[in-house]
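What's counted below: heavy atoms across the whole structure, side chains too, no hydrogens, waters or symmetry copies. Counting convention: from 1, in listed order, for ligands and their atoms alike.
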Amino acid sequence: MPYYVNVILPIPLERLFTYSISQAEAQFLKPGMRVAVPFGKTKIYTALVNEIHSTAPTGYEAKEIHQILDDFPIVNPIQLKHWSWIADYYMCTLGEVFRSGVPSAFLLESETLILRNDKAEFDENSLLDDDFLIVEALQNQSILRVQDISAIVDKKNVLPILNRLLERKIIVLKEEIHEQYRPKMVRYVRMGKDFIPEEKLASLLDSLSRAPKQRQVVLALFQLQGGNSKPIKVSDLERASNSTAATVKVLVERGILDEYSIQTDRVTYEGEEGKLGGVELNEFQKQALQEIERSFAFGKVALLHGVTSSGKTEVYIKLLEACIRSGKQGLYLLPEIALTTQLIGRLQNYFGDKVSVYHSKYNVQERVEVWNNVLTQKPKAQIVLGARSALFLPFSNLGLIIVDEEHEGSFKQYDPAPRYHARDSAIVLGKLHKSPVVLGSATPSIESFYNAKIGKYGYASMARRYGNVLMPEIELVDVKEQSRKKRMQGHFSERMLEEITEALGNGEQVILFQNRRGYAPIVECTTCGHSPQCPNCDVSLTYHQFKKQLRCHYCGHQALLQDNCGACGSFTLDTKGFGTEQVEQELHTLFPKAKVGRMDLDTTRKKHGYERIITAFEQQELDILVGTQMLTKGLDFRNVALVGIMNADSLLNFPDFRAHERSFQLLTQVAGRAGRTKKRGKVLIQTYNPYHQILRQVSTNDYEGMFQEQLYEREQYKYPPVNKIIKITLKHKDFNKVNDASNWFGQSMRGYFKENVLGPEFPPVSRIRNQYLKNILLKIPSNQSLVKTKNCIGRIERSFNAISQYKGVRVIYNVDYI
Ligand code: ADP
Ligand code: ZN
Ligand code: ZN
């Protein structure tokens with residue numbers, strides 16, 4: 001009987017691929033193990049086994065696999081189901097989910113290496129020019145990579161050349177597979193085996209009497225060991241004996257000490273567990289906890305709607321405690337890596353080293369470690385705190401999923417596929433594990449609150465801050481009027497300056513929010529009106545004063561700011577709008593004594609960037625922290641008396657149906673950073689529109705009012721939560737091609753879905769990295785089958801792909817577009 005295996009390749013292929021295997025391999029392999037397989041002419045991929053069977057594929061002959069890479073599955077059956085759901089729902093391939101779900105070290109790298117065939121005999125004069133260049137290069141260098149070859153002949157597609165040379169057996173190929181992951185080894189020492197019986201110690205110490213430093217090291221080792229055999233780190237020994245690496249090395253060389261290594265994980269916690277004991281919940285928290293547990297009992301997702309600082313985290317901790325007690329795994333999802341920094345310490349106080357962290361700023365090694373700990377259900381990964389990618393970990397025994405700040409748009413992956421929403425995918429994962437799920441927020445998404453209203457989700461609310469701290473007082477400042485009366489200094493109103501002065505005078509801290517980074521989003525010539533644009537994208541370049549640079553926030557293009565206008569040559573350049581860098585600079589002038597910090601993408605790029613700034617602010621090394629929306633999300637600072645919003649209007653005027661909801665959430669969240677302890681906090685919102693409905697709702701903390709109003713509008717215009725939406729983006733470097741292709745696609749869609757198709761339309765930034773974009777939006781009424789809709793789009797795409805003039809145009813689906 002023949003045996004076959006269906007595998008998931010980490011590429012956007014619609015279907016699974018079938019390879020042939022031996023009977024022994026069929027008995028050994030299980031779904032979720034990795035195999036190396038040949039693909040195409042020369043490629044080798046790491047693929048994931050999905051199914052073992054004995055049906056030959058139709059249409060092609062199955063190749064043999066190259067190699068089995070695992071002894072046991074690294075992906076479990078629940079994950080495979082979950083990944084299939086993600087692929088189906090978000091209209092991408094299983095391969096794309098696989099690629100983005102596992103740490104990249106699991107996807108072995110395949111590089112084609114080209115070698116000269118020493119046995120080949122040929123006449124050099126018979127070679128074509130390109131071929132000759134390669135042969136010549138291989139005489140100087142024994143191995144070339146495909147990219148080297150491209151460089152040598154200055155061509156992208158070098159496969160024809162390689163094929164020619166291969167056919168004539170002038171070159172040979174060598175596929176090399178590199179395992180990227182290397183566990184970190186820690187060096188340990190123990191006494192050399194000749195010196196182990198205690199009696200020998202005395203004579204050893206005698207013999208070392210003229211080498212006092214070495215003697216000291218030996219004594220320190222005995223002290224550290226203290227009669228038991230726990231491993232002693234080389235670094236600890238050096239510290240305890242106050243000696244250098246050189247001394248230890250000499251002892252090792254003399255055989256007195258024996259050095260060895262143990263594989264260790266990089267994320268370790270060295271504190272005590274349960275230091276604080278659990279806190280006693282107050283009556284609101286207790287009630288909320290009961291409500292949540294009741295929802296769980298009914299098998300419902302629970303929405304915890306608690307105002308900022310109402311103590312939601314403490315409620316989660318109680319839920320986690322119960323989960324841990326029952327021996328299950330817990331997953332705690334956060335929208336932003338910055339938040340893990342504060343929370344990790346808080347969770348470790350309760351759960352000690354049972355908490356692991358998983359997110360994209362962790363390097364490959366660290367991620368592999370957490371993956372393996374979750375896979376083998378190690379106690380140290382019983383609770384995983386992570387950003388959205390933690391959803392893909394190999395949990396086998398989930399007992400609780402927490403999605404904190406569930407309203408956050410950053411839970412949705414934008415690029416590349418899978419464009420999944422981590423909250424919604426978490427709910428599906430919860431179902432697969434029969435695990436309860438709790439969503440928490442001070443400002444729930446319209447979707448989740450709607451689901452609670454119609455009884456699909458359970459609902460618990462906490463309307464008061466913990467310790468009866470008052471909600472901050474919110475004041476709207478009319479910037480137009482202030483400007484007219486000439487009361488503005490830079491971008492600061494008189495009221496803002498007064499309040500900052502007062503807070504600083506009381507030794508309290510201030511947070512200032514501005515939703516743009518850099519110095520100014522636009523540089524403009526006041527003579528001719530020209531403003532520098534990105535050469536690759538249709539946007540103005542943002543001015544960053546640090547380094548005097550112009551930068552594109554879409555593609556990263558950078559240029560030096562010239563002193564005069566690029567168009568007319570005048571020295572009359574001015575800036576328009578302002579970003580965090582400018583706010584920071586004005587503060588230095590206005591409050592020269594204050595210590596000012598800035599938190600935005602530019603200051604937090606490094607791995608510990610967040611930690612550094614957050615800690616400095618917590619330790620009150622900074623008086624004022626200026627930042628983008630990064631600092632709105634759930635951070636808990638103790639001494640912040642004032643939060644200032646420099647300009648609310650840019651949020652409100654954003655051209656999107658979610659702009660109002662989002663502004664409400666953002667402003668309420670950033671306001672929530674103020675006055676979290678005893679004294680009532682203050683929030684100042686600078687705006688040109690003090691009568692704007694959303695600002696009114698924010699200042700009176702009227703979530704219900706905002707919800708009702710938005711729901712009405714969304715129903716009117718057929719947007720979520722009642723309807724679903726899919727955004728389809730067409731993308732190509734040729735403007736006309738995108739235009740024609742999207743017209744065709746839009747027309748075809750309209751044939752089926754009529755007036756529920758919007759566009760095609762160019763987005764506000766219609767060219768990014770030299771690719772033109774055009775969007776089509778499909779609204780799907782609640783009574784229309786989602787599966788049928790997607791199938792129909794699939795059919796349209798297949799016809800589309802058959803049209804040669806649209807070849808190369810990429811079609812990108814974004815289901816539940818945010
Ligand atoms: P939220 O997550 O709702 O913004 P937190 O859980 O951060 O609120 O709580 C706000 C502050 O109140 C925190 O410093 C927290 O330690 C404290 N707190 C909350 N509940 C309790 C409690 N039951 N006992 C003691 N302190 C609490
Ligand atoms: Zn000019
Ligand atoms: Zn650009």
Task: Side chain, backbone, both or neither: Thr313 near ligand 1, heavy atoms under 4.0 Å - done: both

TODO: Just go through Tyr466, Tyr316, Phe284 and tell me whose heavy atom is the nearest to atom 26 (N) of ligand 1.
DONE: Tyr466

Task: Angle in degrees, rounded to 10°, that SG of Cys552 and SG of Cys534 form at the Zn ion (ligand 3) - done: 110°

Open item on the list: So which atom in Phe351 and which in Ile317 form the shortest heavy-atom distance, rounded to 0.1 Å?
Closed with: CZ-O, 3.7 Å

Open item on the list: Tell me whether ligand 1 is touched by Ser309 - counting only heavy atoms on the residue side and a distance under 4.0 Å.
Closed with: yes

TODO: May I ask you to list the atoms of ligand 1 that are less than 4.0 angstrom from any heavy atom of Arg346?
DONE: 5 (P), 6 (O), 7 (O), 9 (O), 13 (C), 15 (C), 16 (O)

Task: Salt bridge Asp574-Lys576, side-chain N to carboxylate O under 4.0 Å - done: no

Open item on the list: Using a strict threshold of under 4.0 Å (side-chain N to carboxylate O), is an ion pair present between Glu291 and Arg294?
Closed with: yes

TODO: Under 4.0 Å from a heavy atom of Glu280: give me the atoms of ligand 1 that qualify, with their elements.
DONE: 22 (C), 23 (N), 24 (N)

Open item on the list: Working note: Ser531 + Gln533, criterion side chain to side chain donor-acceptor pair (under 3.5 Å); need CA distance, chi angles, decisive distance, verdict.
Closed with: CA-CA 6 Å; Ser531 66; Gln533 303 286 308; 3.3 Å; yes

Open item on the list: With a sphere of 6.0 Å drawn around CZ of Arg696, does it hold more than 12 non-hydrogen atoms of other residues, nucleotides or ligands?
Closed with: yes

- [ ] Before accepting this row, confirm whether a basic side-chain N of the pair Arg423/Glu405 lies closer than 4.0 Å to the acidic partner's carboxylate O.
- [x] no

Task: ligand 1 versus Gln285: contacting region, heavy-atom distance under 4.0 Å - done: side chain

Task: Short N or O distance, Gly311 and ligand 1, threshold 3.5 Å exclusive - done: yes

Open item on the list: Any carboxylate oxygen within less than 4.0 angstrom of a Lys/Arg side-chain nitrogen, looking at Arg767 and Asp538?
Closed with: yes

Task: the Zn ion (ligand 2) reached by Cys568 (N, O or S, under 2.8 Å) - done: yes

TODO: Check whether the ring centres of Tyr466 and Phe284 lie less than 6.0 Å apart, and answer yes or no.
DONE: no

TODO: Please say whether Ser310 places an N or O atom under 3.5 Å from an N or O atom belonging to ligand 1.
DONE: yes

Open item on the list: Check whether Phe762 forms a cation-pi arrangement with Lys774 (NZ or CZ under 6.0 Å from the six-membered ring centre, at most 45° off the ring normal).
Closed with: yes

TODO: Just to the nearest 10 degrees, tell me the angle at the Zn ion (ligand 3) spanned by Cys555 SG and Cys537 SG.
DONE: 110°

Task: Under 2.8 Å: N/O/S of His553 next to the Zn ion (ligand 3) - done: no

TODO: Assess Arg638 for proximity to ligand 1: is some non-hydrogen atom of it under 4.0 Å away?
DONE: yes

